[in-house]
K.L.:
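One structure, pasted below without further comment.
In this text the structure is predicted, and so the values were computed from the model without any measurement.
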Amino acid sequence: MEFITLESILSSISISFYVTEPLYEALKAMQEHKISSVVVVDEHSKPVGIFTEHDTLRIVSENIDTDKSLGDVMTPSPFCIDQSTHLHDAYMIMEEKGYRHLVVVDKNGIFVGIITEGDFLRHIGFEELNKINVVADVMSKTPFTVSDNASVEEIVLLMKNQKSDYVVLMSGAKPVGIVSERDILHYCGHVKKPYNKSILNLANSKLETITKDLSLYEATALMTRRGVHQLIVLDENQELVGSLSRHDILRAVHGNYFDFLIGLIDNKNSVISKLEKNKKELKNEKEIINTSKLKYQKLFESIHDGILLIDTVTLKAVEFNYAAHHCLGYTAEEFANLTISDYQKNESPEEINSHIDKIKQSGSDSFETVHHAKDGRLIDTFIVVSVINISGTNYMMAIYRDISEQKAKEKELYQKDNDFNTAQALAHVGSWKFNIRTEVLEFSDETYRIFGIEIGLPVSYKILFEHIYHEDLEMVIRAWEEAMSTRYYDMEHRIIVDGEIRWVREFAKFEADKHENVTNVIGTTQEITQRKLYENRLETLANYDTLTGLVNRSYLVSHLQKSIKQADRTNKQIALLIFDLDRFKDINDSYGHNAGDELLKQVADRFSMRLRGGDIVSRLGGDEFAIILKDITNTEDAGRIAQEMIESLSAEYKLSGGISVHIGSSVGIVLFPDNAKDAFTLLQYADAALYKAKAEGRGIYCYYTDELTDLAKKRLKCEEHLRKAVVNSEFEVYYQPQVHIKSGRILGAEALIRWNHPERGMVSPAEFIPIAEDTGLINEIGEWILNETCRQGKIWLDLGYRLVLAVNLSAHQVRYTNVPLIVEKALKKSGYHADKLELELTESALMQREEETVQMLHTLRAKGIRLAIDDFGTGYSSLSYLKRFPIDVLKIDKSFIDDIPYESDDMAIVTAIIAMGKALNFQVLAEGVEYAEQLEFLKEKRCTMYQGYFKSEPIPAKEFEILLNTQKNCEIDFII
């Protein structure tokens, strides 16, 4: 399809008359040259009127004398169109206004020719599309018909009143001829009034008939060959079923043209959608990575254990968290200059180097030591060290925990245990003697009492073995067999007395003859049941959660370390899953902590019912749980179990008091040995994966990946600086002019934020805006931009610049803030006029919470605030929502402008968007205009405004004001 103008299709015959020339001269010229109209011009050749074939109907109906001057019968002030107008734009204008002729002028308003429907039909093209259309698709099914015995005057009056340019003559039910405006023109030129002849005398047009299944292309060719403008459509019985005119064909062709444009837009949008989808997927992946790394960095800083990355050469920490230096009483700057020997008390520098060499060889180690704090305190510490390689350099990652309190408790428990054992030793201790040869067993009275046997009854070792608890029997027999050779027996085991389980401790001394043969065994038996119960209670308190009965974090870590060693020896894989309950806090707040505790117990039960033998489930604290899956075959197994547990935990819970609740859960998964090789690192990485799952929407599981590290640091640093930027006045608003294409004047500007970082300089919005969106800082930043823009707008308004300033609203602001209230405060504070403020929203922002957004926009519109759709064409681009939202401006996305005028598809799309925008009474603004050719194209298409580097890049307020001062007559007295 070619993009051609009217100038290139104008006929070389351009006939014009002056107002004083007689009508019959115009009629004669129209007959001779077979044209449908003449233009009446003044002495400067500028059109002042037009006389067409349709006007001849008035001559007949009103009995006008053909000697009259054209000035008396012409249609005055004809509509004129510039010869540079695009062919399709011209046709749209002609169709919209209902004209059959367009008077064409040059840039000075001088008459250069006339364009008719025939000209459009010859040049508008789309032959291929016409071949697939048939006459039935576009014909007039109710043509204007008259009887063949009507008079000329009667039929002319009917054509005039019906505004028809032709009639079909009927003899009964059969068509016998056609009378057109051109026939009446010829008649007026040859017949003198009164015009009362039979209409058959007027029907000079040859009757051409076709069938309705004929292709539109063939019908058009027939018209051209026969030199007619109308065809009669007959059915198989030769009865009239319709008519086909050039006007019908032209409308169909141009309709196909717009179908073609819509198809182009659909295809373009499909391609754009795919590109946008890929772009969004890449962006989402990047955001997921960034968010996860951000969460990991937060986790890194919030962990109470000290974490260090140590250079193996300098023995200084190159990376460390807050706990690492705070625990020892140092600032971060002080700690960065310390070597290991500066705070390691148990080992000399030589011993430390020797220890490090061993760690390098084995790859890891865990041990207890003592650290020396800045204030002189000695801190008992448990350390796990792993060797890791980063970019070809070996480092040691050390994780240490202050166990001073634990050590103090252990010491206290040890002392209590000793005291308890001493007390026990003074009571419930019996003695016995066993003769190996005679198998005679002698008991003291206390021994009888311990075993529940009547004092004085004969006993044998067989009777004694009957009292041993069955699960311990094999262990006791094996210990006795070993004791016969080692001559040493010291054993704790359980016995059954009157159906009750008791604990005893037995110690034996062996007597031998001169040949070293054992003759007697002399021993003691002490009941230690109370001590054992006490120890068990201590173990339960130390290793189990008192609420759920599940193992606690301490036990989990210990078990995980043992499992790692075992899996390492057997080349097995372990998975650690950390679960976080979603909405648990809401239940606690709504129903109280008793309900929350009851819910946690039921959650623990569901975990316990799901696990395999050998798997461990732990309550880490609060609403966090963990599972250790041993000996998994495939990494997918962990995800499968995680999904099963997510579904199990989401089922309804019945609590006391008739309360029914639902909760969800998110899961982080980490694998040994793929992700880490020690317990503490696995826990940290699982936490990082958990944060990633929660960030991605909750109710899902996520595996840990190595990419959750570096970007998190960078992103966290950016977020930290971003929080300070507003307070430190590091932001600045730049303004990019929005220019009225027809007048070339600056009517407004888009406000764009810039961040001038004190160390990095200008930071790209592409870097910090996504972070601001993710963290919610965009709400504070967006409010600042709005206030600053309104403040500056009021200054310019007072200086006489009537500018419309546009401010972008993010999807986050639309969703989470009260936009009308924020806008109202900004306008009130600044004094800026509401009708000079324009808010720009992307299509995706509009579609979030659609009903609420519609209401919000109408509220803003009612205040007089202008509304614009930004980046139009790259999102939903639906006519249905365009009609719903009270929009003032469509901003065509830069991607459609970039390749104009070299990309025909983009040119067609932009043309269609402009036409659509104008049809909906929107202003249309093109973004990203950089070249004169682009602007010329937009001007030709009657686009309202543009912005882009062709006029100016975004610039600070002072430079923008200088740009305004170079524009003369800045006061704009018309509304866009």
Side-chain angles (χ1 to χ4, degrees), residues 410 413-414 417-453 455 457-540 542-543 555 558-559 561-563 565-566 568-570 613-614:
E410 286 179 0
L413 288 173
Y414 180 76
D417 190 43
N418 281 342
D419 293 344
F420 188 82
N421 285 338
T422 301
Q424 282 283 46
L426 297 176
H428 304 297
V429 179
S431 60
W432 49 269
K433 181 178 181 181
F434 179 60
N435 188 307
I436 298 295
R437 293 173 183 171
T438 64
E439 296 185 352
V440 173
L441 182 60
E442 299 175 12
F443 275 3
S444 68
D445 291 350
E446 186 61 32
T447 305
Y448 276 111
R449 280 192 290 269
I450 290 173
F451 282 94
I453 301 172
I455 296 174
L457 285 178
V459 291
S460 69
Y461 72 90
K462 292 180 181 179
I463 294 175
L464 185 61
F465 274 91
E466 289 175 0
H467 283 75
I468 298 175
Y469 186 61
H470 67 277
E471 289 185 4
D472 296 349
L473 181 59
E474 183 179 347
M475 175 182 64
V476 173
I477 293 173
R478 188 168 58 251
W480 268 107
E481 290 174 348
E482 292 176 358
M484 294 302 292
S485 58
T486 61
R487 308 289 176 89
Y488 179 80
Y489 180 79
D490 189 353
M491 184 73 178
E492 290 183 359
H493 63 86
R494 289 166 290 182
I495 60 174
I496 299 293
V497 178
D498 297 329
E500 179 186 344
I501 298 176
R502 296 180 184 177
W503 279 90
V504 294
R505 179 181 181 182
E506 294 181 327
F507 176 78
K509 178 181 179 183
F510 291 76
E511 294 180 346
D513 59 18
K514 61 181 180 178
H515 301 293
E516 295 298 321
N517 294 319
V518 175
T519 56
N520 294 296
V521 181
I522 300 172
T524 60
T525 299
Q526 178 185 9
E527 184 183 344
I528 57 171
T529 303
Q530 293 303 316
R531 195 197 77 185
K532 277 294 184 180
L533 292 175
Y534 179 69
E535 288 177 351
N536 289 339
R537 284 197 299 272
L538 289 179
E539 182 182 359
T540 299
N543 296 316
Y555 185 93
S558 175
H559 185 82
Q561 288 172 332
K562 294 175 183 177
S563 299
K565 290 180 180 179
Q566 183 181 0
D568 195 35
R569 289 193 303 268
T570 57

K.L.:
Would you compute the distance between atom OG1 of Thr519 and atom CG of Asp513 and round it to the nearest 0.5 angstrom?
P.N.:
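If we round to the nearest 0.5 Å, Thr519:OG1 and Asp513:CG are 6.0 Å apart.
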
K.L.:
Using a 4.5 Å cut-off on heavy atoms from C-beta on, say whether the side chain of Arg505 contacts that of Lys532.
P.N.:
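Lys532 vs Arg505: side chains apart.
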
K.L.:
As an exercise, state the distance from CG of Asn520 to CZ of Arg437, rounded to the nearest 0.5 Å.
P.N.:
8.5 Å

K.L.:
Mind listing the closest non-hydrogen atom pair of Glu492 and Met475 along with its distance?
P.N.:
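Taking Glu492 first and Met475 second, the nearest heavy atoms are O-CE, 4.0 Å.
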
K.L.:
Surrounding CD of Glu474 (heavy atoms of other residues, nucleotides or ligands, distance under 6.0 Å), is the total greater than 12?
P.N.:
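No, CD of Glu474 has 12 or fewer neighbouring heavy atoms, counting only those of other groups under 6.0 Å.
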
K.L.:
Could you grab the distance from atom CZ of Arg478 to atom CG of Leu473, nearest 0.5 Å is fine?
P.N.:
10.5 Å

K.L.:
Restricting to non-hydrogen atoms, name the atom on Phe510 and the atom on Tyr488 that form the minimum distance, rounded to 0.1 Å.
P.N.:
CE1-N, 3.8 Å

K.L.:
Identify the heavy atoms of Ile450 and Val504 that sit nearest to each other, and give their distance.
P.N.:
CG2-CG1, 3.9 Å

K.L.:
Does the side chain of Glu446 come under 3.5 Å of the side chain of Ser444 through a donor N or O and an acceptor N or O?
P.N.:
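Side-chain D/A pair, Glu446 to Ser444: absent.
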
K.L.:
Is the number of heavy atoms from other residues, nucleotides or ligands within 6.0 Å of CZ (Arg502) greater than 12?
P.N.:
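Count over threshold, so yes.
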
K.L.:
Identify the two heavy atoms, one from Tyr448 and one from Leu457, that lie closest to each other, and give their separation to 0.1 Å.
P.N.:
OH-O, 2.5 Å

K.L.:
Kindly write out the residues that satisfy salt bridge (charged side-chain N to carboxylate O under 4.0 Å, His left out) with Glu481, not counting sequence neighbours, or none if the list is empty.
P.N.:
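Here no residue qualifies.
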
K.L.:
Quick one: pull up NZ in Lys433 and CD in Glu511 and give me the separation to the nearest 0.5 Å.
P.N.:
6.0 Å

K.L.:
Using modelled atom types and a 3.5 Å cut-off, is there a donor and acceptor pairing between side-chain atoms of Thr525 and backbone atoms of Glu506?
P.N.:
no

K.L.:
Could you go through the side chain to side chain contact (heavy atoms under 4.5 Å, CB included) check for Ile496 and Ile501 one step at a time?
P.N.:
CA-CA 5 Å; Ile496 299 293; Ile501 298 176; 3.6 Å; yes

K.L.:
Do any N or O atoms from the side chain of Asp472 and from the backbone of Arg494 form a donor-acceptor pair under 3.5 angstrom?
P.N.:
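Yes, Asp472 side chain to Arg494 backbone: donor-acceptor pair under 3.5 Å.
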
K.L.:
For the pair Asp498 (side chain) and Glu500 (backbone), establish whether a donor and an acceptor sit closer than 3.5 Å, ignoring hydrogens and angles.
P.N.:
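Between the backbone of Glu500 and the side chain of Asp498 there is no qualifying donor-acceptor contact (under 3.5 Å).
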
K.L.:
To the nearest 0.5 Å, tell me how far His515 NE2 sits from Asn517 CG.
P.N.:
7.0 Å

K.L.:
Would you confirm whether Thr524, through its side chain, and Ser431, through its main-chain N or O, come within 3.5 Å as a donor-acceptor pair?
P.N.:
no

K.L.:
Which heavy-atom pair separates Val521 from Val518 by the least distance, and what is that distance?
P.N.:
CG2-CG1, 4.3 Å

K.L.:
Within the 4.5 Å heavy-atom criterion, are Glu439 and Phe434 side-chain neighbours or not?
P.N.:
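They are in side-chain contact.
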
K.L.:
Could you tell me how the ring of Tyr489 sits relative to the ring of Trp480: parallel (under 30°), tilted (30 to 60°) or perpendicular (over 60°)?
P.N.:
parallel

